[in-house]
4 protein chains.
Amino acid sequence: MATPVYSGTRTAQRGRPRDASRDDALRQAALEVMAEVGYRALTMDAVAARARAGKATIYRRWESKLDLVIDTCTQLAHRNLPEPDTGSLEGDLREFLSGFAAFLSGPIGKAAQALVGELPHEPELATAFRDTFLTTQRDVLRRILERADERDELRPEAPRGMAVELAGAALIYRLMLTGDPLDVPFVDRVVEQVLVPLVAKGPQEVSELT
Amino acid sequence: MATPVYSGTRTAQRGRPRDASRDDALRQAALEVMAEVGYRALTMDAVAARARAGKATIYRRWESKLDLVIDTCTQLAHRNLPEPDTGSLEGDLREFLSGFAAFLSGPIGKAAQALVGELPHEPELATAFRDTFLTTQRDVLRRILERADERDELRPEAPRGMAVELAGAALIYRLMLTGDPLDVPFVDRVVEQVLVPLVAKGPQEVSELT
Amino acid sequence: MATPVYSGTRTAQRGRPRDASRDDALRQAALEVMAEVGYRALTMDAVAARARAGKATIYRRWESKLDLVIDTCTQLAHRNLPEPDTGSLEGDLREFLSGFAAFLSGPIGKAAQALVGELPHEPELATAFRDTFLTTQRDVLRRILERADERDELRPEAPRGMAVELAGAALIYRLMLTGDPLDVPFVDRVVEQVLVPLVAKGPQEVSELT
Amino acid sequence: MATPVYSGTRTAQRGRPRDASRDDALRQAALEVMAEVGYRALTMDAVAARARAGKATIYRRWESKLDLVIDTCTQLAHRNLPEPDTGSLEGDLREFLSGFAAFLSGPIGKAAQALVGELPHEPELATAFRDTFLTTQRDVLRRILERADERDELRPEAPRGMAVELAGAALIYRLMLTGDPLDVPFVDRVVEQVLVPLVAKGPQEVSELT
DNA sequence: CGATAATCGAGACGGTACGTCGAGTCTTTAG
DNA sequence: CTAAAGACTCGACGTACCGTCTCGATTATCG
């Protein structure tokens with residue numbers, strides 16, 4: 001399910017139309033509650049009360065608590081992934097990863113973490129979660145590497161897939177596991193000490209070209 | 001809390017002593033249930049029923065479901081981290097990381113994942129979790145790098161801390177987020193494509209020594 | 001069961017002998033607790049705690065809460081039913097019924113009331129209860145009537161059985177149902193307005209004899 | 001509390017209204033369970049299961065097991081006390097007491113007995129109980145005597161109050177204490193041997209009028 | 001005397017019911 | 001037909017009590 005469905009194919013619907021502004025109010029309430037108390041302690045009654053809505057108004061739009069939370073994250077995630085194009089690999093990485101780090105550091109990151117524990121037992125959630133938080137970000141990184149490759153900045157044998165995976169891993173590991181801050185210095189170190197050394201041509205290699 | 005405490009400092013304890021064998025039976029039951037249905041769906045009734053115990057017997061030892069699960073993981077985690085010493089950096093890394101990967105791939109890994117969502121709202125759990133799953137493993141990796149350093153296998157400016165962090169991040173990211181398998185080929189790739197290139201002296205550097 | 005049995009027929013018993021003083025301490029505790037909170041809210045833990053005894057010490061003597069309570073009442077009941085013999089029907093009735101009323105007004109009466117609700121579902125309790133609180137008192141009343149009969153104080157057709165039943169009913173109805181006081185004026189009224197008119201020869205009948 | 005109250009003074013109530021049919025279903029279930037296993041062994045789970053109701057549905061209406069049972073008895077009691085008017089004291093007594101005996105012999109009588117033990121520790125229950133099982137019946141008896149008095153059937157000095165008390169006592173003593181049957185012969189004996197002799201004018205007194 | 005055995009207080013054990021609370025559904029009035 | 005409100009069933013929660021069992025310590029008899 002995930003996204004609220006508006007009474008299907010019916011063209012001329014009868015009765016009071018569904019109030020679309022309630023969708024966002026409910027998602028906002030869900031996000032706030034989840035950021036405050038976590039996924040487990042989030043209750044539908046709490047969400048309904050915060051949005052001054054009835055529970056039926058929630059269940060009319062989403063099938064379950066899980067469904068509400070998935071959709072909330074997905075919707076809010078889709079507006080926050082700019083794709084930089086600075087002209088250099090290092091610039092693109094730096095810019096994209098700081099943006100992603102900032103995004104993860106907000107309430108959506110907290111919400112995402114709250115969902116991790118459910119992934120193994122909720123295949124639908126797993127799919128939605130990966131689409132939202134992994135795939136999109138990975139695709140952007142891939143395209144950054146492709147553009148760098150076209151600019152001939154990469155070593156031929158560079159482990160591109162591994163680099164993409166590592167970039168995400170490093171950030172999310174910090175965010176969810178160690179609890180260390182996802183700040184600019186950290187992003188810089190990931191770029192300078194890991195990503196660039198792993199995939200970019202070294203100075204001697206560049207000089208060899210001349 | 002975490003580990004059940006047996007009447008503390010009192011030397012001569014009165015009344016029937018706790019049956020220590022119930023501790024393990026309950027932890028085993030908790031681990032099984034959690035691996036089957038996850039953390040959220042784990043109920044104390046289910047754990048009690050599986051261990052043929054009364055719920056009071058659980059609550060006498062652990063304050064809550066969370067406390068039980070923390071302790072279960074901690075106890076079971078402490079017996080599974082051998083520290084290899086093969087004489088070479090690559091050998092040590094390969095051996096240790098495959099062991100860690102195998103450990104994470106079992107039920108304890110599933111249990112660990114189930115806990116991640118609770119970390120932000122349960123500081124005590126966060127501490128126990130990091131001690132169990134992060135610190136221990138990180139310290140082993142550190143010592144592996146130190147020994148390699150003593151054998152003069154590392155480049156002087158090698159980002160040792162980052163390498164240690166990345167090793168854990170790469171494994172746990174796969175385990176918990178992407179769902180891709182933590183198999184030997186993956187560990188090999190992490191070692192060959194990431195860790196060794198980042199910290200070890202390259203062939204030319206070694207030859208420079210001669 | 002009812003009364004604590006002391007290891008049956010064995011003549012030479014080994015081991016530490018049972019401490020007979022605990023019996024009364026436990027019965028006393030049980031009576032106090034029951035008078036305070038009633039039968040339902042009486043817990044074995046509370047009785048044990050009040051007597052500073054272990055629960056096993058109770059269960060070694062009585063099979064169950066019910067058994068303990070039955071025996072407690074029975075034991076305490078047996079020492080309180082004097083049989084008057086004043087030489088006149090009215091005197092005997094007055095004396096006996098005031099004694100019985102006083103007895104019922106104490107803690108034993110409260111305890112007895114607490115047991116009434118269990119009678120239909122506990123045949124053994126019912127038997128013990130009737131033996132203790134009904135039969136004994138009824139037999140005394142019967143003998144009082146017999147002696148009066150021998151003294152030729154009764155009308156030949158006097159409903160002796162009904163009188164006996166009514167005497168008990170009147171007292172216990174007040175005690176347990178209406179809550180009105182079981183005081184001397186009430187006993188007097190029962191004797192003067194009910195029992196004597198029902199069974200004793202009237203003045204004119206007595207005069208007829210002359 | 002006793003009777004479920006339906007949101008008091010509010011005129012326009014919001015939300016789904018209480019399902020009044022659940023009240024009776026729950027009372028019926030409570031009565032059945034209590035008649036089967038007694039008050040003490042009655043569990044809320046059993047009542048809920050028998051009525052296919054959630055426990056919350058019970059607790060929404062009644063504060064406790066005791067409250068439920070009180071209300072159950074009260075409700076069911078109010079429909080079973082016809083007031084006879086046969087034109088003669090003996091006829092009225094006979095008819096009323098057989099009706100009351102039959103009423104007490106059913107499940108409601110069993111339920112009433114189950115409550116007796118709680119009266120001393122539950123003032124509210126005591127009030128409700130007396131209203132239901134004592135006052136109503138006593139008032140009917142009083143009116144029967146009044147009508148007999150108006151018909152000049154009573155002796156002037158007849159102990160009217162005592163007669164009323166004895167009638168109830170005799171029946172309830174049998175029902176709850178001795179366990180003897182509350183059958184028609186017994187009622188007849190009570191009327192003929194006790195009540196009529198105590199209060200009605202004797203034949204000689206009647207003849208004196210002529 | 002030492003060994004044996006049943007007692008004692010204390011409290012852990014398995015089990016059952018408690019009264020509360022949350023999930024997801026249904027039913028009312030109001031718009 | 002949708003909205004808010006809240007009652008509905010179901011099931012897990014953490015607690016309390018029952019009746020049993022197990023501990024160390026004590027107190028008797030037996031050999």
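Every chain is numbered from 1, with letters handed out A, B, ... down the list of sequences.
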To the nearest 0.5 Å, how far apart are CD in D:Glu122 and CG in D:Leu115? 10.0 Å
Using a 3.5 Å distance criterion without hydrogens, assess whether the side chain of A:Arg22 forms a donor-acceptor pair with backbone atoms of A:Ala51. yes
For A:Ala48, is there any backbone N or O sitting under 3.5 Å from a side-chain donor or acceptor partner on A:Lys55? no
Given the rule in the side-chain contact (heavy atoms from CB on, under 4.5 Å) test, do A:Lys110 and A:Met34 qualify, once you have shown the distances and angles that lead to the verdict? CA-CA 8 Å; A:Lys110 283 192 197 304; A:Met34 185 150 58; over 6 Å; no
note: A:Asp67, atom CG; E:dA23, atom C1'; distance rounded to Å ~ 14 Å
Atom pair distance, as rounded to whole Å: OH in B:Tyr59 and P in E:dA12: 17 Å
Winner on side-chain proximity to D:Thr57, out of F:dT9, F:dA3, F:dG19, is F:dT9
Spatial distance of atom CD (A:Glu118) from atom CD1 (A:Ile70) [nearest 0.5 Å]: 10.0 Å
Between atom CG in A:Leu66 and atom C1' in E:dG24, what is the gap in whole Å? 14 Å
With side chain to side chain donor-acceptor pair (under 3.5 Å) as the test, pick out the partner of B:Asp23 among B:Arg61, B:Gln28, B:Arg18. B:Arg61
Using whole Å, what does the distance between atom P of nucleotide F:dA12 and atom CZ of A:Arg40 come to? 15 Å
Protein-nucleotide distance (A:Trp62, atom CH2; E:dT25, atom C1'), rounded to Å: 18 Å
Spacing of B:Met44 atom CE relative to E:dT20 atom P, expressed in whole Å: 21 Å
If you compare every side-chain N and O of D:Arg61 against the phosphate oxygens of F:dC8 (OP1, OP2), does one of them come in below 4.0 Å? yes
With sugar-phosphate meaning primed atoms plus P, OP1 and OP2, does D:Ile58 contact a base, only sugar-phosphate, or nothing at under 4.0 Å between heavy atoms? nothing
Which nucleotide in the set E:dC18, E:dT28, F:dC18 lies at the smallest distance from any side-chain heavy atom of D:Asp45? E:dC18
Is B:Arg14 close enough to F:dC23 that one of its side-chain N or O atoms is under 4.0 Å from OP1 or OP2 there? no
How close or far is atom C1' of E:dC8 from atom CZ of C:Arg60, stated in whole angstroms? 7 Å
Contact residues, residues 47-56 of chain C to DNA chain F [heavy atom, < 4.0 Å]: C:Lys55, C:Ala56
In whole angstrom, what separates C:Asp19's CG from F:dA25's P? 20 Å
Could you work out which one of E:dG22, E:dA6, E:dA17 sits closest to the side chain of C:Arg16? E:dA6
For B:Gly15 and B:Ala46, find the nucleotide of DNA chain F closest to each by heavy atoms; which residue's nucleotide sits nearer the 5' end? B:Ala46
Could you pick out which residue, C:Arg22 or D:Ser64, lies toward the 5' side of DNA chain E when each is mapped onto its nearest nucleotide? C:Arg22
For C:Val69 and C:Trp62: C-alpha separation, side-chain torsions, deciding distance, then whether side-chain contact (heavy atoms from CB on, under 4.5 Å) applies. CA-CA 9 Å; C:Val69 170; C:Trp62 298 281; over 6 Å; no
